[in-house]
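Just so it is clear: chains get the letters A, B, ... in the order the sequence lines come, proteins before strands, and each one is counted from 1. Computed from a predicted model, the values in this text were never measured in an experiment.
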There are 2 protein chains.
Amino acid sequence: MENAARIFEGHLKLRGLKSTRQRQAIFNAFIESSVHLSAEELYRKLRKKNPGIGLSTVYRTLKLLCDCGLARALQLDDNMVTFEKESKRDHHDHMVCRECGRIEEFYSKAIEDLQERVAKKHGFIPEDHRMKIIGLCKECARRKAEK
Amino acid sequence: MENAARIFEGHLKLRGLKSTRQRQAIFNAFIESSVHLSAEELYRKLRKKNPGIGLSTVYRTLKLLCDCGLARALQLDDNMVTFEKESKRDHHDHMVCRECGRIEEFYSKAIEDLQERVAKKHGFIPEDHRMKIIGLCKECARRKAEK
DNA sequence: ATTGATATTGACATTCATTATCATTTAGAA
DNA sequence: TTCTAAATGATAATGAATGTCAATATCAAT
């Protein structure tokens, strides 16, 4: 995704921000990361190669990534924000298993459209949304049924 | 709502929990409260009439109220859980204005049904959900447009 | 009403994610 | 190179939420 790099650099330039070694490292680690991770996790991952990086900077840079639409902050867990890569092309929502914490992604054009419609009915201009379905995943449901 | 009181008392009895003065006070304050409030807000409200009540007990009792379906915990704000009265009869979701924080409630049978359907498609047994639309309310949108 | 086992309470301490502070360093335009 | 504003990271601070625990209250059984 050279594209993401260009978006990030463009965002920095546009706002008069500087392109630093740390921001590049955090950007790269984030882009290469798995789907969902917390600031703390990203921080630990970074420390392996870049010992000198600070947790504050990770938080700050994640905020920047959210600002330019490359990352999205989610409340999947109750006591921690998780971040995920985001692009307008692959928007999705989440369902979370209350037993094992498993996270499943889903997309429904119909739901997206309905949200748009419902917001406008209230005079609201929708810009973003979060949808989370809490329940039991297939495995946990089976395990419960067997018992 | 004598009904709510009965649900609460029934829940306590069912689980071998005791009906205490504090729980009753918190229950009443919550039932009489406005739509959305945090544990802290409920606590402050309670202190006026019941100086001896502890914040821990407010948190604990709110959890009980959630357990028996009388309350619902929401993440409307980024750094605080808010609670609202809930009953199966008037389920709804929320839209939040990112400018003024205004909260609007909405309900869409179609969205509810779709969520059910989408969850099942993934082998998920849906039990609950949270939907939040972030955007601009009518007033803030106008204010922005004028500028 | 008394008792006694057990749940409950509240003051306080603690945890833990996130944010602020601030002296030092760095980027990048001139 | 120089200069200025932004950035950094160690550390402290914040603040919501939870754990601790001795003292207290509830309530079923007597």
Side-chain angles (χ1 to χ4, degrees), chain A residues 8-30 36-68 71-84 101, chain B residues 8-30 36-68 71-83:
Chain A
F8 188 49
E9 291 297 326
H11 182 74
L12 294 179
K13 201 149 288 173
L14 195 71
R15 314 228 306 207
L17 304 176
K18 292 169 181 173
S19 176
T20 66
R21 183 170 41 81
Q22 291 91 331
R23 282 180 178 161
Q24 284 157 25
I26 295 167
F27 169 85
N28 286 324
F30 178 71
H36 306 105
L37 83 180
S38 66
E40 187 70 34
E41 284 166 343
L42 184 56
Y43 171 65
R44 278 202 299 273
K45 195 174 152 174
L46 274 157
R47 295 291 290 212
K48 291 175 190 164
K49 301 257 170 181
N50 308 59
I53 228 153
L55 179 55
S56 304
T57 305
V58 174
Y59 273 102
R60 291 188 280 236
T61 305
L62 279 169
K63 189 162 286 174
L64 286 178
L65 289 167
C66 288
D67 288 345
C68 66
R72 209 155 72 107
L74 304 170
Q75 278 277 358
L76 299 178
D77 187 317
D78 277 342
N79 56 311
M80 202 177 25
V81 172
T82 57
F83 296 86
E84 69 170 13
Chain B
F8 188 50
E9 291 296 328
H11 182 73
L12 293 179
K13 202 150 286 174
L14 193 71
R15 314 227 308 205
L17 304 177
K18 291 168 180 174
S19 177
T20 66
R21 183 170 42 79
Q22 291 90 332
R23 283 182 178 157
Q24 283 158 26
I26 294 167
F27 169 84
N28 286 324
F30 178 72
H36 305 106
L37 83 179
S38 66
E40 187 69 35
E41 283 165 345
L42 184 56
Y43 172 65
R44 278 202 299 273
K45 196 174 152 174
L46 275 156
R47 295 291 289 212
K48 291 175 190 163
K49 300 257 170 181
N50 308 58
I53 227 151
L55 180 55
S56 303
T57 304
V58 173
Y59 273 104
R60 291 187 281 235
T61 305
L62 279 170
K63 188 162 287 174
L64 286 178
L65 289 167
C66 287
D67 288 345
C68 65
R72 209 154 72 106
L74 304 171
Q75 279 278 356
L76 298 178
D77 187 317
D78 277 342
N79 55 311
M80 204 177 22
V81 171
T82 56
F83 296 87

On DNA chain C, does the nearest nucleotide to B/Gly52 precede the nearest nucleotide to B/Gly16 from the 5' side, or the other way round? Give the residue.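 Residue closer to the 5' terminus by nearest nucleotide: B/Gly16.
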List in chain and number order the residues that pass ring pair (Phe, Tyr, Trp, His ring centres under 6.0 Å) with A/His11, two or more places apart in sequence or in another chain; answer none if no residue qualifies. none
Categorize B/Ile53 for me: base, sugar-phosphate, or nothing, with a 4.0 angstrom heavy-atom threshold over every strand shown.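 Sugar-phosphate: the residue B/Ile53, judged by heavy atoms under 4.0 Å, touches backbone atoms but no base.
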Which part of the nucleic acid, if any, lies within contact of A/Lys63, taking any heavy atom under 4.0 Å across all strands shown: a base, the sugar-phosphate backbone alone, or nothing?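 Touches sugar-phosphate only.
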Spacing of [X] atom [atom1] and [Y] atom [atom2] [to the nearest 0.5 Å]:
{"X": "B/Leu46", "Y": "B/Ile53", "atom1": "CG", "atom2": "CD1", "result": "5.0 Å"}
{"X": "A/Leu37", "Y": "A/Glu84", "atom1": "CG", "atom2": "CD", "result": "10.5 Å"}
{"X": "A/Ser38", "Y": "A/Leu76", "atom1": "OG", "atom2": "CG", "result": "11.0 Å"}

For B/Gly52, does its backbone N or O pair with a side-chain atom of B/Asn50 as donor and acceptor, under 3.5 Å?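 Between the backbone of B/Gly52 and the side chain of B/Asn50 there is no qualifying donor-acceptor contact (under 3.5 Å).
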By side-chain hydrogen bond (donor to acceptor under 3.5 Å, both in side chains) - contacts of B/Gln22 (at least two apart): none
Partner residues of B/Gln75 under the side-chain hydrogen bond (donor to acceptor under 3.5 Å, both in side chains) criterion, sequence neighbours left out: none
Decide yes or no for A/Phe83 and A/Leu42: does some side-chain heavy atom of the first lie under 4.5 Å from some side-chain heavy atom of the second?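 Result no, sub-4.5 Å side-chain heavy-atom pair not found.
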Would you mind writing out the side-chain donor-acceptor pairs for residues 56-64 of chain A within the sub-3.5 Å range, not counting sequence neighbours?
unit_1	atom_1	unit_2	atom_2	d
A/Thr57	OG1	A/Arg60	NH2	3.4
A/Thr61	OG1	A/Thr57	O	2.8

Look at the side-chain N and O atoms of B/Tyr59 and state whether any lies under 4.0 Å from the OP1 or OP2 oxygen of D/dT18. no
Which residue, B/Lys13 or B/Thr82, contacts DNA chain D at a nucleotide closer to its 5' end, judged by nearest heavy atom? B/Thr82
Closest contact, heavy atoms only, [X] versus [Y]:
{"X": "A/Cys66", "Y": "A/Ala73", "value": "SG-N, 4.1 Å"}
{"X": "B/Leu12", "Y": "B/Ser19", "value": "CD1-CA, 4.0 Å"}
{"X": "A/Phe8", "Y": "A/Cys68", "value": "CD1-SG, 4.2 Å"}

I need the [atom1]-[atom2] distance between [X] and [N], as an integer number of Å.
{"X": "B/Asp78", "N": "D/dG15", "atom1": "CG", "atom2": "P", "value": "16 Å"}
{"X": "A/Asn79", "N": "D/dT14", "atom1": "CG", "atom2": "C1'", "value": "17 Å"}
{"X": "B/Leu74", "N": "D/dA17", "atom1": "CG", "atom2": "P", "value": "12 Å"}
{"X": "B/Tyr43", "N": "D/dG15", "atom1": "OH", "atom2": "C1'", "value": "15 Å"}

Among residues two or more places apart or on two chains, list those pairs meeting salt bridge (charged side-chain N to carboxylate O under 4.0 Å, His left out) that have a residue in residues 13-27 of chain A. A/Arg15-A/Asp67
Applying salt bridge (charged side-chain N to carboxylate O under 4.0 Å, His left out), which residue pairs with at least one partner in residues 37-53 of chain A are found, sequence neighbours left out?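 Residue pairs with at least one partner in residues 37-53 of chain A: A/Glu40-A/Arg44.
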Taking five pairs at each end of the helix from C/dA1-D/dT30 to C/dA30-D/dT1, what angle separates the two helix axes (nearest 10°)?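 Rounded value for the end-axis angle: 30°.
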Outermost nucleotides of DNA chain C that come under 4.0 Å of a non-hydrogen atom of chain B: C/dT6 to C/dC12
Can you give me the N/O atom pairs linking the protein to nucleotides 25-27 of chain D at distances under 3.5 Å, or say none if there are none?
unit_1	atom_1	unit_2	atom_2	d
D/dT26	O2	B/Lys18	NZ	2.8
D/dC27	OP1	B/Ser19	N	3.1

Can you pull every protein N or O that's under 3.5 Å from an N or O on nucleotides 19-24 of chain D?
unit_1	atom_1	unit_2	atom_2	d
D/dG19	O6	B/Ser56	OG	3.0

